Amino acid sequence: MRVFHIQPSGVIETSELPQQLPAQGFVWIAYGRRELEVELAAVQATLQMLCGIPLVDLHVSDLLNNQLPSHYDFTSRYDMLAFRRLAAGHSETDLEHPGAVLTTPLKRGGPPVLRRIDTSPVGFAVFDRILLTVHPAGCTVLESYASRLLAPGGATLRAVGTQWPTSPPDLMLRIVNLMVDGFLELRRELTRQLDHWQAELLRPSTRFNNWGSLLDARNALHHLDEICEDQRAAIQDWIEALAAWEPDEHIGGQRGLELIKVRSRDVLEHIERVVHHVRRLEQNAEIAVQMHFSAQSNRTNDIMRTLTALTAIFLPLNLIAGIFGMNFEFIPLLHQESGFWWAMGSMLITAGVLGVLFWRKRYLARTGR
């Protein structure tokens, strides 16, 4: 558990649940999923005391569910957002049970970068002056953003041209944006991995036999597409809910509300970029497979064309040999000394003429690599 008191003058971290709200600013309470399950009663009592309402039982179940898809829900006193991250790392199952058998579709096979993508959900409960977040074990998103907040004098935030988060919704959107940008940082490595697969598929000198891993990679990309669609739907629901919000002091008035709407649209735009990139990679993998089979088909056609041309050259020679092999007593040139040479000469001339003819028609020409 980590508790941050975010005020205009700075950020203070404590290790205990707050007993009262600060005079200014708001409180960020960050829990691991297992920690929240153990200390749920204390968290509910704190929310009841500070906000006047605890978490709904169904929302508690959602926050503790490691397989929950991205979605948005709300009550009259708080909003709840579950957002599945896309980041390189180990899944929550890996960290809590190192010997467990993985069942997540992204852990089957394919390029190594796809096997390292973790899609564990992060939960957000947004109150007026409290943000409760639930993270998977070893969440790098929590550590990364907490280090930004706790940098001396907010140097990290000022370096990127931002200010302190002004409200719980503002902080939630910043964390979500960090998770989305985490996948955007994987684009280069993921693209390089799939380019390697395409090169293997289109290499004519080798036979590609790793179809099982290729199918796993395509399934993994399709699964990423579904996750991104859930993310986009959740943020769109959040943006639609913002239309009914009234500007108040907890979010910074009208200016704070407009800032939240701008950040929400920015997060949605980043998610759409991820969706576009994943779909492009999926299309590239599909196109590479189609090009592979097209190249194999062309190679087979070239082989059959060459064999057909060679067969056509030797057919007249077989005809001549068959004629002179007939069991007739009188055959022209059969009893002459020069008969053999006439037969061989005619066979060579026929083979040469047909060879030149087929070469000019490019039936025997080598195709460029």
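Here the structure is a predicted model, which is why all the values come from computation and not from measurement.
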Q: Measure the shortest side-chain to side-chain distance between His135 and Tyr31 over non-hydrogen atoms and say whether it is less than 4.5 angstrom.
A: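 They are not in contact (no side-chain heavy atoms under 4.5 Å apart), so the answer is no.
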
Q: Between Leu131 and Met172, what is the shortest heavy-atom contact and its length?
A: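 For Leu131 and Met172, the tightest heavy-atom pair comes out as CD2-N, 3.9 Å.
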
Q: About how many Å separate OG1 of Thr133 and CZ of Phe124, when rounded to the nearest 0.5 Å?
A: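 Answer rounded to 0.5 Å: 6.5 Å.
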
Q: Spell out, as yes or no, whether a donor-acceptor pair under 3.5 Å connects the side chain of Asn301 to the backbone of Ser297.
A: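 Judged by distance alone, yes, a pair lies under 3.5 Å.
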
Q: Can you find a pair of side-chain heavy atoms, one from Leu81 and one from Ser70, that are under 4.5 Å apart?
A: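 Counting from C-beta outward, Leu81 and Ser70 never come under 4.5 Å.
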
Q: Could you walk me through whether Leu281 and Leu224 satisfy the side chain to side chain contact (heavy atoms under 4.5 Å, CB included) test, starting with their C-alpha distance in whole Å, then the side-chain angles of each, then the deciding distance to 0.1 Å, before giving a yes or no?
A: CA-CA 11 Å; Leu281 292 177; Leu224 283 178; over 6 Å; no

Q: Would you say that Val27 contacts Phe127 through its side chain, given a criterion of any heavy-atom pair below 4.5 Å between the two side chains?
A: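 They are not in contact (no side-chain heavy atoms under 4.5 Å apart), so the answer is no.
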
Q: Any side-chain to backbone donor/acceptor pair from Thr46 onto Ala42? Under 3.5 Å, distance only.
A: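 At least one qualifying donor-acceptor pair exists.
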
Q: Going by heavy atoms in the side chains, are Leu47 and Ile53 under 4.5 Å from each other?
A: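 Not touching, per the 4.5 Å side-chain cut-off.
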
Q: Using modelled atom types only, decide if a donor and an acceptor are shared between the side chain of Arg232 and the backbone of Glu272 within a distance under 3.5 Å.
A: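 No, because the side chain of Arg232 does not come within donor-acceptor range (under 3.5 Å) of the backbone of Glu272.
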
Q: Taking 4.0 angstrom as the limit, do Arg255 and Glu258 come out as a salt bridge?
A: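 Salt bridge: no.
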
Q: Anything under 3.5 Å between a donor and an acceptor, one on a side chain of residues 54-64, the other on a protein residue two or more places apart or in another chain? List them.
A:
residue: His59; atom: ND1; partner: Tyr78; partner atom: OH; Å: 2.7
residue: His59; atom: NE2; partner: Asp73; partner atom: OD2; Å: 3.0
residue: Ser61; atom: OG; partner: Asp57; partner atom: O; Å: 3.2

Q: Verify the cluster assignment for Leu40 and Leu68: are they in a single hydrophobic cluster under the rule of side-chain heavy atoms below 4.5 Å apart?
A: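 No.
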
Q: Please table the atom pairs, donor to acceptor, closer than 3.5 Å between any side-chain atom in residues 234-243 and protein atoms at least two apart or in another chain.
A:
residue: Trp238; atom: NE1; partner: Ser264; partner atom: OG; Å: 2.8

Q: Using atom types as modelled and distance alone, determine if a side-chain donor or acceptor of Asn177 lies under 3.5 Å from a backbone N or O of Leu173.
A: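 Looks like no, no N/O pair under 3.5 Å.
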
Q: Between Arg129 and Gly25, is there a donor-acceptor pair closer than 3.5 Å when you use the side chain of the first and the backbone of the second?
A: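 Checked: pair present.
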
Q: I'd like to know if Ile29 and Leu150 are part of one continuous hydrophobic network [Ile/Leu/Val/Met/Phe/Trp/Tyr, side-chain heavy atoms within less than 4.5 Å].
A: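 Each belongs to a different hydrophobic cluster.
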
Q: With hydrophobic residues grouped by side-chain heavy-atom distances under 4.5 Å, do Ile130 and Ile12 end up in a single group?
A: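 No, Ile130 and Ile12 fall in different hydrophobic clusters.
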
Q: Ignoring hydrogens, what is the shortest heavy-atom contact between Pro136 and Arg33? Give both atom names and the distance.
A: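 So the two residues come closest at CA-NH1, 3.7 Å.
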
Q: Using side chain to side chain contact (heavy atoms under 4.5 Å, CB included), reason through Leu178 and Arg174 one step at a time and then give a plain yes or no.
A: CA-CA 6 Å; Leu178 183 62; Arg174 291 173 186 241; over 6 Å; no

Q: Is Leu17 close to Met1 at the side-chain level, that is, under 4.5 Å between some pair of heavy atoms?
A: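 A side-chain contact under 4.5 Å exists here.
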
Q: Start with the C-alpha gap between Met80 and His71, add the side-chain angles, then the distance that decides, and say whether side chain to side chain contact (heavy atoms under 4.5 Å, CB included) holds.
A: CA-CA 8 Å; Met80 202 280 291; His71 80 284; 3.6 Å; yes

Q: Are any of the side-chain nitrogens in Arg279 or Asp225 under 4.0 Å away from the carboxylate oxygens of its partner?
A: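 So Arg279 pairs with Asp225 through a salt bridge.
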
Q: Measuring from atom CD1 of Ile320 to atom CH2 of Trp342, what distance do you get when rounded to the nearest 0.5 angstrom?
A: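 Atom-to-atom, Ile320:CD1 and Trp342:CH2 are 13.0 Å apart.
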
Q: Are the side chain of Ser144 and the backbone N or O of Val141 linked by a donor-acceptor pair below 3.5 Å?
A: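 Looks like no, no N/O pair under 3.5 Å.
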
Q: For a quick check under 3.5 Å, do Arg280 and His277 share a side-chain donor-acceptor pair by atom type?
A: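 Yes - a donor-acceptor pair under 3.5 Å links their side chains.
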
Q: Hey, could you give me the CE/CD1 distance between Met344 and Ile349, rounded to the nearest 0.5 Å?
A: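 Here the interatomic distance stands at 11.5 Å.
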
Q: For His222, enumerate each residue passing the side-chain contact (heavy atoms from CB on, under 4.5 Å) test, keeping only those at least two apart in sequence or located in another chain.
A: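 Partners of His222 under the side-chain contact (heavy atoms from CB on, under 4.5 Å) test: Glu226, Glu282.
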
Q: Output the distance between atom CE (Met49) and atom CD (Gln44), rounded to the nearest 0.5 Å.
A: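 Going from CE on Met49 over to CD on Gln44, the span is 13.0 Å.
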
Q: Check the hydrophobic clustering (I, L, V, M, F, W, Y; side-chain heavy atoms under 4.5 Å; chains of links allowed) and say if Ile251 and Leu21 are grouped together.
A: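 Not linked; separate clusters.
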
Q: If every non-hydrogen atom of Pro165 is compared with every non-hydrogen atom of Tyr145, which pair is closest and at what distance?
A: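 Minimum heavy-atom separation between Pro165 and Tyr145: CG-OH, 3.5 Å.
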
Q: Do any pairs count as a side-chain hydrogen bond (donor to acceptor under 3.5 Å, both in side chains) and have a residue in residues 11-27, sequence neighbours left out, and if so which ones?
A: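 Qualifying pairs: Arg2-Glu13.
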
Q: For the residue pair Pro69 and Arg84, what are the closest heavy atoms and their distance?
A: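 Of all heavy-atom pairs spanning Pro69 and Arg84, the closest is CA-CD, 3.8 Å.
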
Q: Does the side chain to side chain contact (heavy atoms under 4.5 Å, CB included) test come out yes or no for Trp28 and Ile175, once each step is laid out?
A: CA-CA 12 Å; Trp28 174 23; Ile175 298 175; 3.6 Å; yes

Q: Would you name the heavy atoms of Ala146 and Phe4 that are closest together and state the gap between them?
A: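 Here Ala146 and Phe4 meet closest at CB-CZ, 3.7 Å.
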
Q: Looking at every heavy atom in both Arg77 and Cys51, which two are closest together, and how far apart are they?
A: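 Looking at all heavy atoms of both residues, the shortest contact is NH2-O, 2.6 Å.
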
Q: So, do Leu132 and Val43 sit near enough that their side-chain heavy atoms are less than 4.5 Å apart?
A: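 Result yes, sub-4.5 Å side-chain heavy-atom pair found.
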
Q: Applying ring pair (Phe, Tyr, Trp, His ring centres under 6.0 Å), name anything that partners Trp341, two or more places apart in sequence or on another chain.
A: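 Expected list: none.
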
Q: Got a list of side-chain donor-acceptor pairs under 3.5 Å for residues 310-319, not counting sequence neighbours?
A:
residue: Thr311; atom: OG1; partner: Leu307; partner atom: O; Å: 2.7
residue: Asn318; atom: ND2; partner: Phe314; partner atom: O; Å: 3.2

Q: In terms of hydrophobic clusters joined by side-chain contacts under 4.5 Å, are Leu149 and Val3 together?
A: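 They do not share one cluster, since no chain of ILVMFWY contacts under 4.5 Å joins Leu149 to Val3.
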
Q: Within this structure, what is the CD1-SG distance for the pair Ile271 and Cys228, rounded to the nearest 0.5 Å?
A: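 Rounded to the nearest 0.5 Å, the CD1-SG separation comes out at 8.0 Å.
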
